[in-house]
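Every value quoted in this text rests on a predicted model; they were computed, and no experiment measured them.
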Amino acid sequence: RESAAMKGYETIISKYPYTSMAPEAQFRIAAALEQDRKFEDAFNAYQNLITRYRQSPQFSEALDRQYGIATLSRTKRTGRTLGFKVKLGPQELIAMLKQIIANAPQGVHAAEAQFEIASIYEDEGQHDQAIAAYREAVRLQPTNVDAYYGLGVAAERKGLDDEAIAAFREVIRRRPD
């Protein structure tokens, strides 16, 4: 039954791509894949909607769902077992997060995604990339105290004392408690 629905959605998209039903069909394909825990496929299906139907009512929700998939993939076992991926690797996650930023650079998830990228680099011990990513997170969202703190920690680990001190001062200034 699900397979028939998916084929129906795919038919709508291929035969009637310019109708109002096409983005809805694409969204339903992505949501079904997400429900089936096929997160990478779902992310890509949402990406198809975002790329092809930027003006659709589902655009914002597709961005939200992509961000949810990326953050879930960062923290939980998301894939299958028995020889298949169980959790996405850091580079795959970074690629997803960068795609989210590219989809809506001024969107609500851009700064959050950039912070996640910085955190991944930090977790991987890639301090130069972490510092650059934290700088970008601060630029995108100057009120993000966690980004300043992450920048301070990463800069301190690299021996960039002036930058670390400046970042920690900003943390104290923005959150004096």
Side-chain angles (χ1 to χ4, degrees), residues 1-124 126 129-130 132-134 136-137 139-141 143-144 146-147 150:
R1 198 177 82 184
E2 265 182 51
S3 179
M6 292 290 267
K7 286 181 182 176
Y9 296 143
E10 290 168 358
T11 299
I12 291 169
I13 294 165
S14 66
K15 288 190 176 186
Y16 311 103
Y18 303 111
T19 66
S20 61
M21 296 183 307
E24 178 65 28
Q26 183 64 51
F27 187 85
R28 288 179 184 245
I29 289 171
L33 290 166
E34 185 178 4
Q35 186 175 6
D36 288 345
R37 299 183 55 85
K38 297 177 180 173
F39 295 114
E40 287 180 88
D41 293 339
F43 186 95
N44 292 330
Y46 286 123
Q47 185 60 42
N48 286 340
L49 185 148
I50 290 165
T51 302
R52 295 173 74 181
Y53 306 108
R54 290 189 79 76
Q55 303 304 318
S56 76
Q58 296 85 4
F59 180 82
S60 291
E61 189 170 355
L63 286 172
D64 291 343
R65 295 279 185 100
Q66 276 191 319
Y67 184 73
I69 289 169
T71 56
L72 175 71
S73 298
R74 176 154 160 63
T75 59
K76 298 203 184 226
R77 298 166 67 88
T78 57
R80 299 159 289 252
T81 55
L82 300 175
F84 294 94
K85 282 186 196 173
V86 176
K87 187 174 178 181
L88 295 178
Q91 294 308 315
E92 293 164 306
L93 287 170
I94 289 169
M96 282 181 165
L97 293 163
K98 285 183 176 182
Q99 185 62 61
I100 291 165
I101 295 166
N103 287 338
Q106 304 302 316
V108 295
H109 296 300
E112 296 166 342
Q114 186 62 44
F115 179 80
E116 288 295 323
I117 291 170
S119 297
I120 293 168
Y121 282 135
E122 187 71 17
D123 292 347
E124 295 297 307
Q126 297 177 12
Q129 292 92 333
Y134 280 125
E136 181 63 10
R139 187 191 70 73
L140 288 172
Q141 188 178 25
T143 58
N144 186 339
D146 293 332

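- When every heavy atom of I100 is checked against every heavy atom of H109, the shortest pair comes out as CG2-CB, 4.1 Å.
- Partners of F43 under the ring pair (Phe, Tyr, Trp, His ring centres under 6.0 Å) rule, at least two apart in sequence or in another chain, do not exist in this structure.
- Between the side chains of N103 and Q99, at least one donor N or O lies within less than 3.5 Å of an accepting N or O.
- Judged as a salt bridge (Lys or Arg N to Asp or Glu O under 4.0 Å), the pairs with a partner in residues 21-34 (not counting sequence neighbours) are, in order, E24-R28, E34-R65.
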side-chain contact (heavy atoms from CB on, under 4.5 Å) between I29 and I13, worked out | CA-CA 10 Å; I29 289 171; I13 294 165; 3.6 Å; yes

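- Partners of F115 under the ring pair (Phe, Tyr, Trp, His ring centres under 6.0 Å) rule, at least two apart in sequence or in another chain, are Y134.
- Remark: L72 CG to R37 CZ distance equals 7.0 Å, nearest 0.5 Å.
- Separation of atoms CZ (F27) and CD (E61) is listed at 3.5 Å; rounding is to 0.5 Å.
- Closest approach of A110 to I101, counting heavy atoms only: O-CG1, 3.6 Å.
- Checked against side-chain hydrogen bond (donor to acceptor under 3.5 Å, both in side chains), S119 has no partners two or more places apart in sequence or in another chain.
- Among pairs with a residue in residues 94-122, those fulfilling salt bridge (Lys or Arg N to Asp or Glu O under 4.0 Å) read R74-E116, E122-R157, at least two apart in sequence or across chains.
- Going from atom OH of Y46 over to atom CZ of F39 covers 10.0 Å, rounded to the nearest 0.5 Å.
- In this structure, K7 does not pair ionically with E10, as no charged nitrogen and carboxylate oxygen lie closer than 4.0 Å.
- Of all the heavy atoms in A42 and A30, the pair that sits closest is CB-O, 3.5 Å.
- Counting all heavy atoms, side chain and backbone alike, P105 lies closest to L140 at O-CD2, 4.3 Å.
- Between S20 and P23, the closest heavy-atom pair is O-CD, 3.4 Å.
- A133 and I117 make their closest contact through CB-CG2, 4.2 Å (heavy atoms, listed as atom of the first residue, atom of the second, distance).
- A distance of 8.5 Å separates CZ of R139 from CD of Q114, quoted to the nearest 0.5 Å.
- Rounding to the nearest 0.5 Å places OG1 of T71 at 9.5 Å from CG of L93.
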Carefully, step by step, assess V108 and Y67 under the rule side-chain contact (heavy atoms from CB on, under 4.5 Å).
-> CA-CA 10 Å; V108 295; Y67 184 73; over 6 Å; no

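- Contacts of E124 classified as side chain to side chain contact (heavy atoms under 4.5 Å, CB included), with partners at least two apart in sequence or in another chain: P90, I120, Q126.
- Atoms CD and CG, from Q58 and L63 in turn, are 12.0 Å apart once rounded to the nearest 0.5 Å.
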